[in-house]
Asker: 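Input: one structure, supplied below.
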There are 2 protein chains.
Amino acid sequence: MTQLDAASPRLGRRRDHSRDPEILNAALEVLAEEGYDGMTVDMVAARAKAGKATLYRRWPSKGELVIDAVVCMKRGDIDLGNLPDTGTLRGDLVAMIKPRTIEESERKLQVMAGLMSAVARSPELAEAINRAIIEPRAEVNRILLRRAIDRGEIAADIDIETLSMITPSMAAYRTLVLKRPVDREFLITMIDNVVLPAVGLRR
Amino acid sequence: MTQLDAASPRLGRRRDHSRDPEILNAALEVLAEEGYDGMTVDMVAARAKAGKATLYRRWPSKGELVIDAVVCMKRGDIDLGNLPDTGTLRGDLVAMIKPRTIEESERKLQVMAGLMSAVARSPELAEAINRAIIEPRAEVNRILLRRAIDRGEIAADIDIETLSMITPSMAAYRTLVLKRPVDREFLITMIDNVVLPAVGLRR
DNA sequence: CGTATCCGAAACTGTTGAGTTCCGTATATA
DNA sequence: TATATACGGAACTCAACAGTTTCGGATACG
């Protein structure tokens with residue numbers, strides 16, 4: 001981006017944003033560990049090995065930095081265009097449980113825990129969290145449930161909207177409130193003891 | 001309590017704690033509105049029409065005050081010894097939905113949202129929250145499910161532990177994350193579209 | 001009525017952290 | 001090599017807040 005910016009050649013090198021990822025990632029780490037109010041800009045700068053002034057050259061305030069960090073967290077988690085297709089609902093749901101996904105998901109929930117109290121004061125932040133953390137997980141379940149309906153595996157009148165939120169909410173509750181790990185065993189239990197029975201499979 | 005404290009008559013009137021409820025209640029209100037870090041001791045004092053010094057005469061720190069407020073929040077919500085007994089699981093679950101209960105429950109969740117980020121730094125607080133907010137709700141459901149098993153309404157091998165947490169987690173998620181109201185309609189949907197199907201009733 | 005005690009209010013202290021400024025250095029361009 | 005720019009780092013300002021102290025007034029008790 002640096003040398004391609006022909007629009008203003010006079011300014012020598014323009015701000016290149018090349019260190020944004022490190023900084024935003026450092027912000028997420030501190031957020032997960034300390035929460036929004038426990039996080040200081042100095043902590044983020046130190047962890048990213050950047051000067052505090054550098055952060056303020058890019059973001060006007062701590063709040064904007066945090067929102068940007070949450071927004072940029074989306075990627076790396078789930079590829080919506082390449083979901084498993086095993087032929088059964090259970091197969092699809094279980095196939096979504098990968099160590100990589102679990103790890104990423106737990107990290108997101110930790111960040112969310114840290115942001116919880118700040119959310120009340122910033123609708124913008126609430127929106128960013130919903131878009132980056134909540135919605136993607138529910139969307140996957142919606143798609144898998146819809147496919148199961150299409151192939152006639154489950155009844156067409158089940159409540160997709162509600163059922164697609166069971167796993168995300170139970171996982172959030174488990175991390176935020178119960179402080180217990182969202183591991184493979186937990187997720188399998190949710191699938192076999194709640195979701196599948198609720199759509200009429202098994203039992 | 002004042003005049004009954006015969007153990008130390010020499011001290012004139014002892015500290016009587018008569019204003020504790022107002023103060024603790026003010027603390028809960030501010031917590032729900034501002035969160036732990038947004039709450040200042042001055043705010044609590046002002047709302048309780050008390051002097052800040054009075055608060056510090058009773059509690060050694062802001063943290064202790066908050067923990068005490070959460071611990072004393074228990075009462076008023078649910079009477080565990082007097083649960084509805086309608087003869088069916090659905091009847092019992094629906095009978096638990098009372099405006100008073102909903103209101104109290106939503107308030108508790110607001111307080112919890114405000115405490116979320118502070119919880120990470122204080123295991124004592126986490127324990128208090130679990131005892132005062134989380135556990136009571138799950139306990140009710142456990143009892144109702146166990147009774148349904150005893151009367152043969154549902155299978156004996158259902159996962160009580162998991163199923164009793166569905167409504168509390170979905171409610172928490174809805175308040176904390178989705179910022180939508182936990183009303184009667186929502187709770188009925190949870191019962192009819194998730195819990196009952198999952199235990200093998202209906203569908 | 002005098003005295004002891006607790007109260008609310010307000011002034012005060014010390015610390016922490018957001019946001020700013022400054023400076024010496026590294027780097028890219030020419 | 002000379003110049004311009006952004007960088008990391010550190011020192012700074014300023015406001016907010018936890019916790020303390022002080023004081024004048026209310027209230028109970030003898």
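We name chains A, B, ... by the order of the sequence lines, and we start the count at 1 in each one.
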Asker: Going from CE on M170(A) to OH on Y173(B), what distance comes out if it is rounded to the nearest 0.5 angstrom?
Answerer: 13.0 Å

Asker: Atom CZ of R19(A) and atom C1' of dG8(D): how far apart are they, to the nearest Å?
Answerer: 9 Å

Asker: R121(B) vs D37(A), test: salt bridge (charged side-chain N to carboxylate O under 4.0 Å, His left out). Steps then yes/no.
Answerer: CA-CA 11 Å; R121(B) 285 171 260 154; D37(A) 300 280; 5.6 Å; no

Asker: Has K179(B) got more than 12 heavy atoms of other residues, nucleotides or ligands less than 6.0 Å from its NZ?
Answerer: yes

Asker: Rounded to the nearest angstrom, tell me the gap between atom CD in E34(A) and atom P in dG17(C).
Answerer: 10 Å

Asker: Could you tabulate the donor-acceptor pairs under 3.5 Å formed by side-chain atoms of residues 23-30 of chain B, not counting sequence neighbours?
Answerer:
residue : atom : partner : partner atom : Å
N25(B)  : OD1  : R107(B) : NH2          : 3.1
N25(B)  : ND2  : E29(B)  : OE2          : 3.4
E29(B)  : OE1  : R47(B)  : NH1          : 2.9

Asker: What string of B, S and - do you get for nucleotides 16-21 of chain D, 5' to 3', when a contact is any protein heavy atom under 4.0 Å?
Answerer: -SBBBB

Asker: Rounded to the nearest Å, what distance is computed from the CD1 atom of residue I23(A) to the P atom of nucleotide dG9(D)?
Answerer: 12 Å

Asker: Is it true that E127(B) and R131(B) have a side-chain N and a carboxylate O under 4.0 angstrom from each other?
Answerer: yes

